[in-house]
Visitor: 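Quick one: the structure is below, questions incoming.
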Amino acid sequence: MAAPRILSGIKPTGRPHLGNYYGMMQPGIEWQDRGEAFYFIADYHAFTTVHDPAALREHTRSVALDFLACGLDPEKAVLFRQSDVPEVTELAWLLTCLTPMPMLENCHAYKDHLAKGKVPSHGLFAYPVLMAADILLYNSNIVPVGRDQKQHVEVTRDLAEKANRLFGPIFTVPQPSIVAEVATVIGLDGQKMSKSYNNTIGLFEEEKVLRKKIMSIVTDSEPVEAAKDPATSSIVALYKLCADASAVALMEDQFRAGGLGYGEFKKRLFEALWEKFAPFRARRAELAADPSVLDAILADGAARARAIALPTMERVRKAMGIR
Ligand code: TYM
């Protein structure tokens with residue numbers, strides 16, 4: 001069987017957090033040894049919310065550096081900027097014309113927006129269609145994502161199947177790949193970690209900021225001596241992501257035994273996270289020292305992405321009667 005094509009994206013709306021890392025970046029980096037991996041910085045998607053041009057440009061480069069620092073190897077995987085292949089917006093339009101409105105009305109990002117009383121832009125409403133275009137343009141088989149993106153991959157599958165029924169087999173129907181243990185990383189307040197909930201822990205926080213954030217993790221008010229339940233603790237959930245199994249087992253036992261306060265456990269979590277990301281911080285500093293390195297990686301990524309995208313668009317236009 002041919003190597004699978006793997007594809008995923010991340011929005012440059014700020015710096016990546018632990019949810020992005022464990023939910024998508026780390027699994028994506030593992031996939032780079034198992035197939036042809038394509039990862040992109042989704043600046044068109046970020047434009048639904050970031051309307052400061054300098055910030056959008058800066059975040060796009062910065063997230064690309066973060067991904068490389070965490071282990072994305074540009075020799076193995078293709079790293080590119082979404083807008084370097086603007087044909088994706090053409091495909092998004094064609095797919096938009098096949099998309100029933102109720103399918104998008106059912107999507108959670110749009111529904112959350114309405115629930116908060118905000119007025120969604122058309123871009124936010126149509127966002128899952130642009131995501132489908134990303135996935136289908138590159139004939140992707142596997143899409144590593146966190147659980148919050150599963151619905152969007154289902155929209156993509158529906159649209160691909162519909163287009164294939166109408167126009168012949170033009171699209172590969174993709175599958176999501178979601179790692180169960182990290183499908184939803186929780187944030188400082190116990191909800192899903194998300195920039196929109198303001199509860200994130202960034203991958204590259206300053207030491208002081210990281211310590212402060214960890215110390216602010218919300219806990220119950222059990223006294224030090226009380227036995228505590230590790231299964232419901234955000235501290236333990238986050239510790240499981242970054243500490244080895246024996247350290248986690250010890251923390252769980254000490255939770256159950258009582259006698260230690262949450263502050264002690266938070267300190268341990270801080271140390272494990274700080275240590276885990278130390279090599280990434282060092283690599284990021286090296287990469288950031290010479291901006292031409294990133295320029296070259298993104299230019300090469302754009303060329304490799306276009307080599308797949310342009311023939312797909314030719315095929316799609318021909319099948320759909322455009323030009
Ligand atoms: P974005 O930028 O919101 O998030 C990037 C990836 O991080 C995952 N993630 C999480 N995983 C576990 N726990 C969390 N708390 C958590 N928070 C975020 C997301 O599931 C995602 O995989 N629409 C996408 C970007 C995108 C894309 C695509 C992805 C655009 N086109 C095509 C795949 C294929 C997004 O907003 O991701």
Visitor: How far apart are the closest heavy atoms of Asn106 and Gln151, and which atoms are they?
Guide: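 Shortest heavy-atom separation between Asn106 and Gln151 comes out as O-NE2, 3.0 Å.
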
Visitor: Show the nearest heavy-atom pair for residues Trp274 and Glu205, with the distance to one decimal.
Guide: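 Nearest heavy atoms, Trp274 then Glu205: CZ3-O, 3.6 Å.
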
Visitor: In terms of heavy-atom contacts, does NZ of Lys208 have more than 12 from other residues, nucleotides or ligands at under 6.0 Å?
Guide: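 Atom NZ in Lys208 is not packed in, count stays at 12 or less.
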
Visitor: With distance as the sole criterion, is a donor-acceptor pair present between the side chains of Lys228 and Ser233 under 3.5 Å?
Guide: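 No.
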
Visitor: Does NZ belonging to Lys111 count more than 12 external heavy atoms closer than 6.0 Å?
Guide: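 For Lys111, atom NZ is crowded (more than 12 foreign heavy atoms under 6.0 Å).
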
Visitor: Applying side-chain contact (heavy atoms from CB on, under 4.5 Å) to Gln254 and Phe265, what does each step give before you reach the verdict?
Guide: CA-CA 9 Å; Gln254 290 175 330; Phe265 297 122; 3.9 Å; yes

Visitor: Nearest 0.5 Å please: distance from the OH atom of Tyr39 over to the CD1 atom of Ile29.
Guide: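 Nearest 0.5 Å value for the OH-CD1 distance: 8.0 Å.
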
Visitor: How long is the straight-line distance from OH of Tyr239 back to CG of Asp244, given to the nearest 0.5 Å?
Guide: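 Reported to 0.5 Å precision, the distance equals 7.5 Å.
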
Visitor: Rounded at 0.5 Å granularity, tell me how far NZ in Lys195 sits from OG1 in Thr49.
Guide: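 Output value for this atom pair is 8.5 Å.
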
Visitor: So, does Arg147 use its side chain to make a donor-acceptor pair with the main chain of Gly23 at under 3.5 Å?
Guide: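 Such a contact is absent between Arg147 side chain and Gly23 backbone.
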
Visitor: Would you say Ser83 and Asp43 are linked by a side-chain donor-acceptor pair, where the criterion is simply a distance under 3.5 Å?
Guide: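 There is such a pair between these side chains.
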
Visitor: Would you indicate whether Glu207, at its atom CD, is surrounded by more than 12 heavy atoms from other residues, nucleotides or ligands within a distance under 6.0 Å?
Guide: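 It does: Glu207 CD has more than 12 such atoms within range.
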
Visitor: Determine whether the aromatic ring centres of residues His17 and Tyr21 are separated by less than 6.0 angstrom.
Guide: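 When the ring centroids of Tyr21 and His17 are compared, they turn out to be at least 6.0 Å apart.
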
Visitor: Check Lys267 with Glu271, please: is the shortest side-chain N to carboxylate O separation under 4.0 Å?
Guide: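 Looking at Glu271 and Lys267, the cut-off is not met.
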
Visitor: With heavy-atom distances below 4.5 Å as the criterion, would you say the side chains of Leu18 and Thr200 are in contact?
Guide: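 SC-SC contact between Leu18 and Thr200 ruled out.
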
Visitor: Quick one: does Leu260's side chain get under 4.5 Å of Arg268's, heavy atoms only?
Guide: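 The answer is yes; the side chains approach within 4.5 Å.
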
Visitor: Looking at Glu161 and Arg165, is any side-chain nitrogen of the basic one under 4.0 Å from a carboxylate oxygen of the acidic one?
Guide: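 No.
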
Visitor: Is there a side-chain contact between Val155 and Val129, using heavy atoms and a 4.5 Å cut-off?
Guide: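 Not touching, per the 4.5 Å side-chain cut-off.
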
Visitor: Do side-chain atoms of Ser216 reach the backbone of Lys213 as a donor and acceptor pair under 3.5 angstrom?
Guide: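 Side chain of Ser216 to backbone of Lys213: a pair is present.
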
Visitor: Following the transitive rule for hydrophobic clusters with a side-chain heavy-atom cut-off under 4.5 Å over Ile, Leu, Val, Met, Phe, Trp and Tyr, establish whether Leu210 and Met25 coincide in one cluster.
Guide: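 Per the 4.5 Å side-chain linkage, Leu210 and Met25 are co-clustered.
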
Visitor: Decide yes or no for Leu203 and Phe280: does some side-chain heavy atom of the first lie under 4.5 Å from some side-chain heavy atom of the second?
Guide: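 Heavy-atom side-chain distance check fails, nothing below 4.5 Å.
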
Visitor: Looking at every non-hydrogen atom in both residues, tell me the closest pair between Leu136 and Ala160 and how far apart they are.
Guide: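 So the minimum-distance heavy-atom pair works out to CD2-CB, 3.8 Å.
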
Visitor: Please verify the inter-ring angle class for Phe80 with Phe38; under 30° counts as parallel, over 60° as perpendicular, anything in between as tilted.
Guide: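 Perpendicular.
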
Visitor: Using side-chain heavy atoms (C-beta onward) and a distance below 4.5 Å, is Leu238 in contact with Val185?
Guide: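 Yes, their side chains come closer than 4.5 Å.
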
Visitor: Using atom types as modelled and distance alone, determine if a side-chain donor or acceptor of Ser8 lies under 3.5 Å from a backbone N or O of Pro144.
Guide: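 Flag set: sc Ser8 to bb Pro144 pair under 3.5 Å.
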
Visitor: Answer whether the closest heavy-atom distance between the side chains of Leu294 and Leu68 falls below 4.5 Å.
Guide: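 Answer yes - side chains close enough.
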
Visitor: Under 3.5 Å, side chain of Asn141 to main-chain N/O of Gln175, donor-acceptor pair present?
Guide: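 The answer is no, because no donor-acceptor pair under 3.5 Å joins these two groups.
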
Visitor: Output yes when a side-chain donor or acceptor of Arg315 lies under 3.5 Å from a complementary backbone atom of Ile170, and no otherwise.
Guide: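 Present.
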
Visitor: Taking C-beta and beyond as the side chain, do Leu91 and Phe171 meet within less than 4.5 Å on heavy atoms?
Guide: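 Yes - at least one pair of side-chain heavy atoms lies under 4.5 Å apart.
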
Visitor: Please say whether more than 12 non-hydrogen atoms of neighbouring residues, nucleotides or ligands are located less than 6.0 Å from CZ in Arg57.
Guide: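 No.
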
Visitor: Please determine whether a side-chain nitrogen of the Lys or Arg among Glu90 and Arg317 lies less than 4.0 Å from a carboxylate oxygen of the Asp or Glu.
Guide: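 Salt bridge between Glu90 and Arg317, a charged N being under 4.0 Å from a carboxylate O: yes.
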
Visitor: Enter the distance from Tyr44:OH to Thr89:OG1 here, rounded to the nearest 0.5 Å.
Guide: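 Going from the OH atom of Tyr44 to the OG1 atom of Thr89 covers 5.0 Å.
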
Visitor: Should the heavy atoms of other residues, nucleotides or ligands under 6.0 Å from CD of Glu75 be counted, would the total exceed 12?
Guide: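 12 or below, so no.
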
Visitor: State which residues pass side-chain contact (heavy atoms from CB on, under 4.5 Å) with Lys76; sequence neighbours excluded, sorted by chain then number.
Guide: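 Lys76 satisfies side-chain contact (heavy atoms from CB on, under 4.5 Å) with Gln32, Asp33, Asp73 only.
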
Visitor: More than 12 heavy atoms of other residues, nucleotides or ligands under 6.0 Å from CG of Asn198: is that the case?
Guide: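 No - once you tally the heavy atoms of other residues, nucleotides and ligands closer than 6.0 Å, there are 12 at most.
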
Visitor: Just verifying a value: how many Å separate Arg306 CZ and Thr312 OG1, rounded to the nearest 0.5 Å?
Guide: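 Atom-to-atom, Arg306:CZ and Thr312:OG1 are 12.0 Å apart.
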
Visitor: Looking at side-chain heavy atoms only, is the closest gap between Ser234 and Leu188 below 4.5 Å?
Guide: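 Ser234 does not reach Leu188 side chain to side chain.
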
Visitor: Does CZ belonging to Phe167 count more than 12 external heavy atoms closer than 6.0 Å?
Guide: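 Yes - once you tally the heavy atoms of other residues, nucleotides and ligands closer than 6.0 Å, there are more than 12.
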
Visitor: Might you point out which heavy atoms bring Leu287 and Val293 nearest each other, and give the distance in Å?
Guide: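 Shortest heavy-atom contact: CD2-CG1, 4.3 Å.
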
Visitor: Charged N to carboxylate O below 4.0 Å: is that the case for Lys116 and Asp112?
Guide: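 Here Lys116 does not pair with Asp112 in a salt bridge, since their nearest N and O are not under 4.0 Å apart.
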
